[in-house]
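Below: the structure, in structure tokens.
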Amino acid sequence: MRAHLPSRKVIAVLTAALLASGMAACGNSDTGDSGGKGDDGKITLGFSQVGAESAWRTANTTSVKESAAAAGIDLKFDDAQQKQENQIKAIRNFIQQKVDVIAFSPVVESGWDTVLKEAKDAKIPVILTDRAVDSADKSLYKTFLGSDFVKEGRSAGEWLVEKEKAATGPVNIVELQGTTGSAPANDRKKGFAEAIAANPNLKIIASQSGDFTRAGGKQVMEQFLKANPKIDVLFAHNDDMGLGALEAITAAGKVPGKDITIITVDAVKDGMQALADGRFNFIAECSPLLGPQLMDLVKKVHNGEEVPARIETQETTFTQEQAKEALPNRKY
Ligand code: AHR
């Protein structure tokens, strides 16, 4: 049988492909100290996102992607679907790919030391964005960029203390917590509890995680309503859970914002709309627009510049009247 030899054209294409892959391999090993720029001269950023659990998260992802493009940074984006094991896998992949900088928003606070040590050993600087970790060794990451979640919980609690200052009997509060073990869930709970301690009438009668999702908020609120005949206040750790809870409250024949006072965190558009409409009563803002500051930090740590250990986002709070004013210009 006569063997078919590849045509000249095919050989030329194969040779070009082999040369290109060889050059890419050389490029990577040339920058084997992991601090070098990619072959196109751009900084490569590996970013591991929590997931897409809320409107806040979607706005945060958009901010990161748009800012990376605007800053000329080559972004490798990974969605961990709210699983720590996926984030650890993504970070290990980034290390293997020798990215220049790694940034991530840790789904939970604990359990990062091993993988952060691997990044440090590979000389890849790590930036924590949005959420913090509880690692005792602060040298495992360069900086943290995000919100003061304790302050957000405290602002929510202080507003309630003022609203209920004339209460003469118990004010029953139910709490929809964020993802169990996450920094915003731990810290918002803490800040809120500290603030409401100022008024002994304010009592948290039930507290459970709704995982920062609308579906979770609705489902847990249904349980709260079944188990507790008198609920005066809902504190939801984010707008999405509060919006889910609205459905459960309405289905139970109660008027949200009137029969039950609703306090949330984030101030995304749908949350602000609910506040302006009188279905929510107060929101502590948490800004997802971290992209531009993050890209600035990526460039600095890549250049070996000193950066502050912690950079906090500027945030405010909204009453119903303030929401009506702010809503038309709300970006997310
Ligand atoms: O870490 C920030 C929190 O995560 C936001 O409040 C919430 O909406 C998101 O899912």
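Counting starts at 1 for both ligands and their atoms, following the listed order. Just so it is clear, the model here is predicted, and its values are computed rather than measured.
With a 6.0 Å cutoff to the six-membered ring centre and a 45° limit on the axis angle, R330 counts as a cation-pi contact of Y332.
Separation of the W112 and F104 ring centroids falls under the 6.0 Å cut-off.
Residue contact check for ligand 1: D130 places a non-hydrogen atom closer than 4.0 Å to it. Within the structure, ligand 1 lacks M241 among the residues with a heavy atom less than 4.0 angstrom away. At least one heavy atom of D266 sits closer than 4.0 Å to an atom of ligand 1.
Rounding to the nearest 0.5 angstrom, the gap separating the CD1 atom in I205 from the NZ atom in K230 is 8.0 Å.
Given atom 3 (C) of ligand 1, the protein heavy atom at minimum distance is R131 NH2, 3.8 Å. E53 OE2, 2.5 Å is the protein heavy atom nearest to atom 10 (O) of ligand 1.
On a distance-only criterion, H237 and ligand 1 share no N/O pair closer than 3.5 Å.
Below 4.0 Å from some heavy atom of S54 lie the following atoms of ligand 1, by number and element: 7 (C), 8 (O), 9 (C), 10 (O). Residue P184 has at least one heavy-atom neighbour below 4.0 Å for each of these atoms of ligand 1: 1 (O).
Comment: E85 does not engage K89 in a salt bridge, judged by the lack of any side-chain N to carboxylate O separation of less than 4.0 angstrom.
Side-chain contact check for S287 and Q314: no donor-acceptor pair (N or O, by modelled atom type) lies under 3.5 Å. Side-chain atoms of E312 and S147 form no donor-acceptor pair, as typed in the model, at a separation below 3.5 Å. A donor and an acceptor atom, one from each side chain of E158 and S155, are nowhere located under 3.5 Å apart.
Counting heavy atoms under 4.0 Å from ligand 1, residue E152 does not touch it at all.
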